[in-house]
Amino acid sequence: METLSIRYVFDKKKKMSDTVPGLLQIEVRDKKINKCVYISTGVHLYKGQFSDKNGFTCVKHPNAIHINKQARSIYNKVEAFMYSDKCKCLDDVKKWDAIPENRKSFVIFMRELLLQKNVEWLTQTTNRSFIKKVEDSGFLDTFDDVTYENIVKFDGYMRKKIKTEGTLYMENPVQIDPLNQTNLTPCSKIRLTPLTKIKMTPFECMST
């Protein structure tokens with residue numbers, strides 16, 4: 001957005017003292033409506049450690065080089081975002097570091113979903129074990145990774161890990177016998193051995 005400007009702001013709330021450090025923030029202002037948002041850099045400095053040289057320079061601090069790199073890295077990323085097509089209004093700047101939905105962790109999503117469910121301890125333990133195997137496999141890290149090909153890879157990984165019989169639950173009709181054209185009804189249950197093969201199309205795989 002051409003109406004936006006950006007700068008460093010130090011100790012905006014005027015709380016800095018000899019014992020209390022001030023916070024370094026990045027101010028993005030919409031000059032057209034004269035409103036602004038503030039982005040924290042996570043940098044706290046005491047008196048004498050802040051200089052407005054080049055907008056901001058950390059001085060007289062043992063980690064000054066690292067702090068300068070951290071602050072400038074955030075500044076550059078915010079600046080790049082506010083001039084990108086993703087920034088349509090001032091409030092969008094607050095989402096400068098938001099992770100796209102398809103890049104969010106699939107494993108974390110499953111763990112959070114499990115916590116929301118009121119399930120028995122044994123069920124929780126079983127699900128945690130499964131989620132750990134998903135994480136260890138490395139095939140399904142993000143939602144982008146949940147593809148037919150990666151699910152097949154994960155299936156192969158699991159067949160090497162599990163040697164006992166298990167019960168597979170299907171929520172959608174899935175063809176398991178291409179010769180007999182046998183279909184399962186929703187929520188039906190079948191017993192599978194580790195060597196049982198299931199024929200699924202990519203569409204069926206993503207629908208279950």
Side-chain angles (χ1 to χ4, degrees), residues 26 37 39-43 66-67 69-88 91-176 178 184 186-208:
I26 295 171
V37 297
I39 309 296
S40 175
T41 64
V43 173
H66 172 75
I67 291 172
K69 286 183 178 179
Q70 175 181 329
R72 286 168 186 163
S73 174
I74 296 175
Y75 183 99
N76 291 338
K77 290 176 182 177
V78 173
E79 185 177 39
F81 179 86
M82 73 184 218
Y83 288 130
S84 72
D85 293 337
K86 297 178 182 178
C87 187
K88 305 296 184 182
D91 283 341
D92 286 345
V93 176
K94 299 174 184 178
K95 308 171 189 174
W96 70 274
D97 61 344
I99 302 174
E101 289 294 327
N102 62 339
R103 293 305 302 164
K104 288 185 177 179
S105 171
F106 183 58
V107 171
I108 292 177
F109 166 78
M110 288 192 293
R111 284 179 176 150
E112 290 176 347
L113 191 62
L114 181 60
L115 290 174
Q116 296 171 12
K117 302 290 185 180
N118 184 21
V119 296
E120 296 179 354
W121 177 83
L122 183 59
T123 302
Q124 284 198 24
T125 301
T126 302
N127 279 272
R128 287 196 187 101
S129 177
F130 172 76
I131 293 171
K132 184 66 167 60
K133 288 182 174 66
V134 172
E135 184 177 30
D136 291 344
S137 74
F139 294 124
L140 304 169
D141 293 333
T142 69
F143 280 90
D144 262 356
D145 297 326
V146 185
T147 63
Y148 178 74
E149 290 77 11
N150 283 341
I151 291 175
V152 170
K153 291 178 182 178
F154 176 69
D155 176 69
Y157 172 84
M158 289 294 290
R159 289 178 187 279
K160 295 177 182 178
K161 294 287 183 180
I162 300 175
K163 303 301 181 183
T164 58
E165 291 188 357
T167 302
L168 178 64
Y169 295 87
M170 298 292 187
E171 293 185 353
N172 293 306
V174 178
Q175 178 182 312
I176 62 169
L184 297 174
C187 298
S188 61
K189 185 191 299 184
I190 58 173
R191 299 292 296 183
L192 297 177
T193 68
L195 298 179
T196 303
K197 293 185 178 180
I198 301 176
K199 299 293 185 181
M200 300 174 67
T201 66
F203 176 77
E204 289 171 334
C205 184
M206 297 304 293
S207 298
T208 57

Exercise for review: Would you check if the side chain of Ser129 reaches a backbone N or O of Thr125 as a donor-acceptor pair within less than 3.5 Å?
Suggested key: no
Study note, to complete from the structure: Asp144 and Thr147 have their tightest heavy-atom pair at O-CG2, 3.5 Å
**Study point:** Name of the residue among Val37, Val93, Thr41, Asp97 meeting side-chain contact (heavy atoms from CB on, under 4.5 Å) with Val78
**Key:** Val93
Revision key, fill the gap. All heavy atoms of Gln70 vs all of Val43, minimum pair found to be NE2-CG2, 3.8 Å
Check your understanding: Between Asp136 and Lys133, is there a side-chain N and carboxylate O pair less than 4.0 Å apart?
Key -> no
Exercise for review: Rounded to the nearest 0.5 Å, what's the gap from NZ on Lys153 to CD on Glu149? Could you check?
Suggested key: 8.0 Å
Check your understanding: So, does Asp145 use its side chain to make a donor-acceptor pair with the main chain of Thr142 at under 3.5 Å?
Key -> yes
Point to revise | Flag, side chain of Asn76 to backbone of Arg72, donor-acceptor distance under 3.5 Å | key: yes
Check your understanding: Hey, what do you get for CD1 (Ile26) to CD1 (Ile74), rounding to the nearest 0.5 Å?
Key -> 6.0 Å
**Study point:** Backbone of Val134 reached by a side-chain donor or acceptor of Ser137 within 3.5 Å
**Key:** yes
Revision key, fill the gap. Value for CG (Asp141) from CD (Glu135), rounded to nearest 0.5 Å, stands at 8.0 Å
**Study point:** Point-to-point distance, once rounded to the nearest 0.5 Å, from CE of Met110 to NZ of Lys132
**Key:** 12.0 Å
Study note, to complete from the structure: Output for pair (Ile131 CD1, Asn127 CG), nearest 0.5 Å, gives 6.0 Å
Practice item. Kindly indicate whether the side chain of Trp96, heavy atoms from C-beta on, has any atom under 4.5 Å from the side chain of Met82. Key: no
Check your understanding: Between Asn150 and Val146, is there a donor-acceptor pair closer than 3.5 Å when you use the side chain of the first and the backbone of the second?
Key -> no
Review point. Does a side-chain heavy-atom distance below 4.5 Å link Met158 with Asp155?
Key: no
